[in-house]
Amino acid sequence: MILSRMPWFLIAQRLGIALLTLIVVSFAVFFATELLPGDVAEILLGQAATPEAVAGLRDAMGLDQPALSRFIGWLIGLLGGDFGTSYVNNMPVAELIGGRLVNSLKLAGLTTLLAVPVALTLGISAAMWRNSIFDRIISMLTISVISVPEFMVATLSVLIFAVWLDWLPALSFGVNVDSWSAILRAYAMPVITLGFVVSAQMIRMTRAAVIETINTPYVEMALLKGASRSRMVLRHALPNALGPIANAVALSLSYLVGGVIIVETIFNYPGVAKLMLDAVSTRDLPLIQSCAMIFCVSYLLLITLADLVAILSNPRLR
Amino acid sequence: MLKTLSFPLRIVSPKTYGYRFSWVGRIGLGVILLWAGLAIFGPALQPYPPGEIVDWDYFGPMSDQFWLGTDYLGRDILSRILMGARYTLGIALASVFLACAAGVILGMVAAVIGGWFDTILSRLLDAFNGIPSLLFGLVVVAAIGSSIPVLIMTLAAIYLPGSYRFARALAVNVNTMDFVTVARARGEGTPYLIAREIFPNILGPVLADLGLRFVFIVLVLSGLSFLGLGVQPPYADWGALVRENIEGLSLGAPAVVFPSLAIASLTISVNMFIDNLPTKIRDRS
């Protein structure tokens with residue numbers, strides 16, 4: 001009886017931690033941007049910053065209230081879908097982000113669709129033929145991709161696919177996306193780069209998960225009774241490795257968050273990350289805060305999902 | 001995780017057992033020492049002043065005069081990479097030591113004291129782990145403005161929670177051992193327990209963890225510099241060198257390739273070194 005309640009308790013606990021994390025994260029995001037040097041009203045007014053104008057603008061923007069009450073107001077606004085107004089062009093932040101978010105999600109979604117099947121196949125087969133040439137090559141490649149910065153993967157793929165092979169356009173995006181081939185060509189470089197970054201981690205973790213199950217006595221038993229290697233891995237080991245693998249997939253997808261920032265910058269892709277970097281250079285606080293929250297929430301969603309999958313897929317907890 | 005590349009007929013003598021060191025690890029160590037040497041003696045070795053325009057051509061090719069070519073202004077890339085080594089290695093080392101020192105001390109204290117102190121600290125630092133590292137660096141550096149102390153503190157703050165979690169997990173295990181119980185029964189205080197009983201027993205894995213964290217920090221630092229938020233011109237670390245010369249990418253210029261290679265050679269060799277550390281150091285506890 002107690003055992004049957006265990007996973008639900010763990011899940012509730014995990015969700016509680018996620019909620020707590022979210023509050024800490026929003027606190028950090030809000031106050032980190034509050035640290036911006038200089039007075040926002042003065043910066044916005046520029047040449048016209050007479051003391052009266054500054055005081056008026058501060059009053060209008062609610063900047064004269066204590067930071068904590070502004071934080072709570074901001075948080076309540078976020079919950080109600082009100083992201084505030086951009087300082088720079090007075091447009092609602094939600095409107096600015098809307099289209100960009102769709103773009104970023106397209107990029108992330110396409111990468112996921114492409115990277116997950118490839119990474120799982122490579123990871124599982126590397127584990128199946130462990131210590132073979134194939135496995136060694138995969139290991140070397142994934143270690144190299146993991147230990148270099150994302151922008152290097154991007155520059156390298158530009159160098160290979162655009163400069164040397166001349167297959168794809170290098171640093172341009174969205175010139176004319178009217179035909180299917182044009183769309184494919186436009187998305188190819190960012191998706192390839194992100195795919196490399198995400199799948200390297202996924203391949204390693206999948207391989208480790210499968211090998212861990214292969215090392216258990218019952219799989220060894222299957223091998224001893226004469227099951228073929230592929231049967232041993234696919235029928236005996238894989239079902240038990242599915243939980244850790246799903247966990248690995250969700251966890252590796254969280255690398256999308258960091259990767260997207262770099263990739264959108266390099267390829268000039270009109271997504272949320274590009275918007276945020278532009279907001280950083282114009283010091284547009286509400287925009288920076290909202291974009292940062294979008295990234296933090298998606299990251300948190302993915303790692304929480306990874307934990308939940310790990311809990312749910314563990315039959316010992318059921 | 002444990003990788004043993006043992007030779008089947010090797011005779012294990014007590015002297016070599018556990019301290020064997022594979023060739024891959026030695027190569028890694030060699031590259032690390034090479035970069036460390038270049039960073040220390042860089043100013044004596046550089047052929048030209050790194051900030052000076054020495055070539056009329058931009059994105060010059062590799063030649064006898066400029067071994068690694070010239071950058072977008074005609075500055076010597078070799079000299080600039082040597083200068084960048086100081087920034088990349090220096091900032092990364094400083095922040096990794098800060099992060100690990102603070103994380104390990106807090107982790108050990110939490111493990112020894114336990115109770116509400118442990119719970120609250122663990123929950124709080126776990127919460128900070130929920131922020132993507134590059135994003136955190138980006139927001140903080142954008143907010144405070146980029147300078148080297150800010151970069152070091154930010155990077156240290158990003159990697160402190162991970163180091164804390166790692167050290168705490170190790171220390172909790174050691175904490176239950178008999179010699180710690182005995183020391184506690186003797187009436188030793190927390191500082192003694194931490195410094196004399198627990199720390200020596202988690203040192204090996206903590207050092208290995210420090211190496212891995214160093215790689216992460218180099219990656220995030222390069223990422224920040226690549227986005228223009230790291231080391232500011234006229235100085236440049238390796239990430240900033242790639243950013244400066246990214247225009248030369250479509251020309252396949254050495255000015256983009258070599259700083260990237262510098263980062264890759266450093267991070268890959270640290271990984272190789274840590275992966276092949278003698279098992280006795282890695283898994284001491």
Side-chain angles (χ1 to χ4, degrees), chain A residues 17-18 20-25 27-29 31-37 140 143-144 146-152 154-156 158-159 162-164 170-171 208 254-262 265-266 273 276-277 279-281 283 285 288-289 291-292 295-300 303-304, chain B residues 1 3 5 123-145 154 212 215-216 218-229 238-239 242-243 245-247 249-253 256-257 259-261 263-272 275:
Chain A
I17 292 173
L20 185 77
T21 310
L22 197 59
I23 293 170
V24 172
V25 165
F27 200 78
V29 165
F31 284 98
T33 43
E34 281 299 307
L35 291 173
L36 269 171
M140 270 312 290
I143 286 193
S144 314
I146 288 173
S147 30
V148 300
E150 289 99 347
F151 66 80
M152 222 188 111
T155 45
L156 209 64
V158 168
L159 212 55
V163 180
W164 291 340
L171 299 170
S254 69
Y255 279 71
L256 276 175
V257 175
V260 156
I261 298 179
I262 300 279
T265 319
I266 289 195
M276 178 171 161
L277 277 171
V280 165
S281 55
R283 304 248 154 124
L285 281 188
I288 300 177
Q289 287 165 345
C291 293
F295 281 115
C296 288
V297 167
S298 33
Y299 184 74
L300 201 61
I303 53 177
T304 308
Chain B
M1 234 15 229
K3 207 191 282 173
L5 295 166
R123 284 283 162 274
L124 199 68
L125 289 179
D126 273 354
F128 270 102
N129 246 352
I131 308 178
S133 46
L134 187 64
L135 188 85
F136 183 80
L138 211 143
V139 170
V140 171
V141 171
I144 314 182
T154 311
L212 292 182
V215 172
F216 293 142
V218 170
L219 294 186
V220 172
L221 173 65
S222 312
L224 281 176
S225 288
F226 180 78
L227 295 174
L229 294 163
W238 290 339
V242 178
R243 173 192 172 80
N245 298 307
I246 195 76
E247 304 284 311
L249 181 62
S250 44
L251 312 169
V256 198
V257 178
S260 309
L261 277 183
I263 300 172
S265 66
L266 178 69
T267 50
I268 291 178
S269 49
V270 174
N271 267 341
M272 269 162 47
D275 265 0

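When reading the values below, keep in mind they use all heavy atoms of this one structure, side chains included, and skip hydrogens, waters and symmetry mates. Sequence lines set the chain letters: A, B, ... in the order given, protein chains first and strands last, and positions in each chain run from 1.
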Sorted by chain and residue number, the ring pair (Phe, Tyr, Trp, His ring centres under 6.0 Å) partners of A/Tyr299 (sequence neighbours excluded) come out as none
Result for side-chain contact (heavy atoms from CB on, under 4.5 Å) between B/Pro132 and one of A/Val260, A/Val257, A/Leu300 points to A/Val257
Turns out that what part of B/Leu138 lies under 4.5 Å from chain A's heavy atoms comes down to side chain
Max heavy-atom pairs within cutoff under 4.5 Å with chain B, candidates A/Thr304, A/Thr265, A/Ile261, A/Leu277, goes to A/Ile261
When rounded to the nearest 0.5 Å, the distance separating CD1 of B/Ile263 from CG of B/Leu219 is 8.5 Å
Output for pair (A/Phe295 CZ, A/Ser254 OG), nearest 0.5 Å, gives 13.0 Å
From the list A/Leu20, A/Ile17, A/Ile303, the residue making the most non-hydrogen contacts under 4.5 Å with chain B is A/Ile17
Whatever's closer than 4.5 Å to a heavy atom in chain B on A/Ile146 counts as backbone
Taken in chain and number order and not counting sequence neighbours, the residues that satisfy side chain to side chain contact (heavy atoms under 4.5 Å, CB included) with A/Ala292 are A/Val29, A/Met276, B/Leu135, B/Val139
The interface call for A/Ser144 against chain B, heavy-atom contacts under 4.5 Å, is both
